Amino acid sequence: MFKKSLIPSLIFLFSLSIIAQTEAQTKKDTIAEKKTNPSKFDNFNKKAEAFFKVFPVPIYGYSTEAGNIFGLAKFNVIDLSKKDTVSKPSKLTELVSLSSKGRVNVVLGGQLFFKENKYQIQSYVYFQKQPQYIFGIGNDVVKEEAELINFDRVKVYSNNLIRIKKNFYLGIPIELANYWNMEIPSDSFLIRDNVLGVNGGYDVGTGFSGLYDTRENPYNPQQGMYCMSSLVFHPKFLGSTYEFTNFILDMRKYYNPWLKHIIAVQAYTSNAFGDTPFYDLSLMGGSDQMRGYYQGGFRDKALVDTQVEYRVPVWNIFGVVGFIGTGRVFESYKDLSFEKWRVSYGTGLRVMVDTKNKTNLRIDFGFGEKGALKGTYLSFSEAF
């Protein structure tokens, strides 16, 4: 027989057990109800994802040299083989844009994974007919002396990688390019100083590359690191107009300090050796690095920049980011100093357009010197 003093305690414990089971069942029922009866927003989002997997996204932009820019952008993350359940999903991107001042931009890109990630190809093809500003060559040039030049260019690039050990790849990059229809003002410093490239030319190059990558999702990394290095030679005997070599080192690290907040860090450098035409020099700025600067306004043989980005989920498929970076160009690594490093910062909106692969549409606003808005960028996947 139980003692009378134990009976109330047993009843209390039994009651707690019933309450806990009821709460657990309620949670299960709530989750099940959400799955079977999704909200209006979830229904809309599901339809939007299905739509954008088939149809491109219309884009609009404006720049001084190009005018109003209208275009279509397309992004798909797919599995190349249903039998291969190990390989990371592959990415395909397409962009076509036209501007009111005759600018044409056509880009096809991809990152493909094969045979349980044993092979991967990073590649792109683009054709551009667009005016661009060039401030000069070097880190001391000023935008007030910018010159507007124009030329047509087509470029094909493919970095073909094979896994040697876990997360480590070796590859052979191949690069083909042509620059023609050069329209340069007769009083330009490019002509006055007899800068290489004023007559256009061909780039034909190949070399070696190495990659160490521990990220699970290359399009929206949550953890791990990425380190890519390549050395591409452009000898005249292959058909290059100018003989030069390009070196690139791109290092990235991702931290997940709490919840789903991500801190991403990148350090990047490039260097061009030899007789490098002005259009193949290291260019600072653009949609992925130093986003507060016009790409190519500052250029020289060597470039170093670094950036930090903080990525915060806000609600459902929406998130925001903040970023800051610094960098500069110089003639060679021996000239590298801590003077006149330029600062870029900004913010952006993220909208998840592929919940299965956690891939975002990103809209970034980059600010440069004197706090002026210098770049507005729309793209798919993260900047780095």
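Computed from a predicted model, the values in this text were never measured in an experiment.
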Does Arg311 make a cation-pi contact with Phe384 (under 6.0 Å, within 45 degrees of the axis)? yes
Thr269-Tyr333 side chain donor-acceptor pair, cut-off 3.5 Å: yes
Are any non-hydrogen side-chain atoms of Arg103 and Lys129 less than 4.5 angstrom apart? no
Tell me whether Asn271 contacts the main-chain N or O of Ser332 through its side chain, where contact means a donor paired with an acceptor under 3.5 Å. no
Answer yes or no: is there a donor N or O on one side and an acceptor on the other, between the side chain of Asp79 and the main chain of Lys82, under 3.5 Å? no
Please determine, by modelled atom types, if Asn159 and Ser209 share a side-chain donor-acceptor pair under 3.5 angstrom. yes
Answer yes if Ile317 and Trp315 sit in the same cluster of Ile, Leu, Val, Met, Phe, Trp and Tyr residues linked by side chain heavy atoms under 4.5 Å apart, and no otherwise. yes
Where do Asp250 and Gln266 land on the side-chain hydrogen bond (donor to acceptor under 3.5 Å, both in side chains) test, with the steps shown first? CA-CA 7 Å; Asp250 183 355; Gln266 180 187 38; 3.0 Å; yes
Are any non-hydrogen side-chain atoms of Tyr268 and Gln307 less than 4.5 angstrom apart? no
For Asn139, does its backbone N or O pair with a side-chain atom of Asp300 as donor and acceptor, under 3.5 Å? no
Identify the heavy atoms of Asp275 and Tyr242 that sit nearest to each other, and give their distance. O-CB, 3.2 Å
Identify the two heavy atoms, one from Leu170 and one from Gly210, that lie closest to each other, and give their separation to 0.1 Å. CD2-CA, 4.3 Å
Side chains of Thr355 and Glu49, donor plus acceptor under 3.5 Å: yes
Separation between CE (Met225) and CG (Asn167), nearest 0.5 Å, reads 10.5 Å
Give a yes or no answer on whether the side chain of Arg328 reaches the backbone of Met284 with a donor-acceptor pair at less than 3.5 Å. no
Look at the side-chain heavy atoms of Ile, Leu, Val, Met, Phe, Trp and Tyr, link any pair under 4.5 Å apart, and say whether Phe151 and Ile137 land in one connected group. yes
Decide if the gap between the ring center of Phe323 and the ring center of Tyr310 is smaller than 6.0 angstrom. no
One should read off an interatomic distance between Thr214 OG1 and Lys166 NZ, to the nearest 0.5 angstrom, of 9.5 Å
Give the intermediate values and the outcome of side-chain hydrogen bond (donor to acceptor under 3.5 Å, both in side chains) for residues Asn160 and Ser158. CA-CA 6 Å; Asn160 310 286; Ser158 179; 2.8 Å; yes
Working for side-chain hydrogen bond (donor to acceptor under 3.5 Å, both in side chains), residues Asn217 and Asn220: CA-CA 6 Å; Asn217 185 342; Asn220 186 5; 6.0 Å; no
Considering only NZ, NE, NH1 and NH2 on the basic side and carboxylate oxygens on the acidic side, decide whether Arg362 and Asp288 come within less than 4.0 Å. yes
Inspect the surroundings of CZ in Phe189 and state if more than 12 heavy atoms from other residues, nucleotides or ligands are less than 6.0 Å away. yes
Is it true that Glu382 and Asn360 share a donor-acceptor pair across their side chains at a distance under 3.5 Å? yes
Indicate if Leu95 and Val125 have the same hydrophobic cluster label, given that clusters are the connected sets of ILVMFWY residues with side-chain heavy-atom separations under 4.5 angstrom. no
Can you name the closest pair of heavy atoms from Tyr293 and Val343 and give their distance? OH-O, 3.0 Å
Which heavy atom of Ile78 sits nearest a heavy atom of Leu92, and at what distance? CD1-CD1, 3.8 Å
Beyond-backbone contact of Phe247 with Phe273, side-chain heavy atoms, under 4.5 angstrom: yes
Within 45 degrees of the axis of the six-membered ring of Tyr255 and under 6.0 Å from its centre: does Lys253 put its NZ or CZ there? yes
Determine whether Phe338 and Ile324 fall in the same hydrophobic cluster, where Ile, Leu, Val, Met, Phe, Trp and Tyr are linked whenever their side-chain heavy atoms lie under 4.5 Å apart. no
Any chance the side chains of Asn256 and Gln223 put a donor and an acceptor closer than 3.5 Å? no
What distance separates Glu183 CD from Trp180 CH2, expressed to the nearest 0.5 Å? 12.5 Å
Under 4.5 Å between side-chain heavy atoms, counting indirect links through other Ile/Leu/Val/Met/Phe/Trp/Tyr residues: same cluster for Tyr254 and Val312 or not? no
Look at Arg252 together with Asp213 and state whether they make a salt bridge at an N to O cut-off of under 4.0 Å. no
Can any side-chain N or O of Asn43 pair as donor or acceptor with the backbone N or O of Lys46 at less than 3.5 Å? no
Are the side chains of Leu80 and Phe114 in touch, meaning some heavy atoms are under 4.5 Å apart? yes
Taking the side chain from Ser344 and the backbone from Gly292, do they hold a donor-acceptor pair closer than 3.5 Å? yes
Under 3.5 Å: donor-acceptor pair, side chain of Lys118, backbone of Ser87: no
Scanning both residues in full, the closest heavy-atom pair of Glu243 with Lys236 reads OE1-N, 3.1 Å
Taking the six-membered ring for Trp and the full ring for Phe, Tyr or His, determine whether the centres of Phe75 and Phe380 are under 6.0 Å apart. yes
Quick one: do Glu309 and Arg291 make a salt bridge, cutoff under 4.0 Å? yes
Check Asp84 with Lys115, please: is the shortest side-chain N to carboxylate O separation under 4.0 Å? no
Close side-chain approach of Tyr157 and Leu176, heavy atoms under 4.5 Å: no
More than 12 foreign heavy atoms under 6.0 Å from CZ of Phe318: is that the case here? yes
Nearest-0.5 Å distance that lies between atom CG in Leu161 and atom CD1 in Ile121: 9.0 Å
How about CD1 on Ile59, more than 12 heavy atoms from neighbouring residues, nucleotides or ligands closer than 6.0 Å, or not? yes
Main-chain N/O of Val195 paired with Asp193 side-chain donor or acceptor, under 3.5 Å: no
Please examine the side chains of Leu190 and Arg192, heavy atoms only from C-beta on, and report whether any two atoms are closer than 4.5 Å. no
Please report whether the ring centroid of Phe70 lies less than 6.0 Å from that of Tyr60. yes
Between Asn76 and Lys53, is there a side-chain heavy-atom distance shorter than 4.5 Å? yes
When you measure from the side chain of Thr347 to the backbone of Gly322, do you find a donor-acceptor pair of N or O atoms at a distance under 3.5 Å? no
Under a 4.5 Å cut-off applied to non-hydrogen side-chain atoms, are Leu283 and Leu303 in contact? no
For Tyr294 and Tyr133, indicate whether the former's side chain and the latter's backbone hold a donor-acceptor pair under 3.5 Å. yes
Would you please classify the geometry between the Tyr126 ring and the Tyr124 ring as parallel, tilted or perpendicular, with 30° and 60° separating the classes? parallel
Nearest non-hydrogen partners of Ser287 and Ala383, listed with the distance: O-CB, 4.3 Å
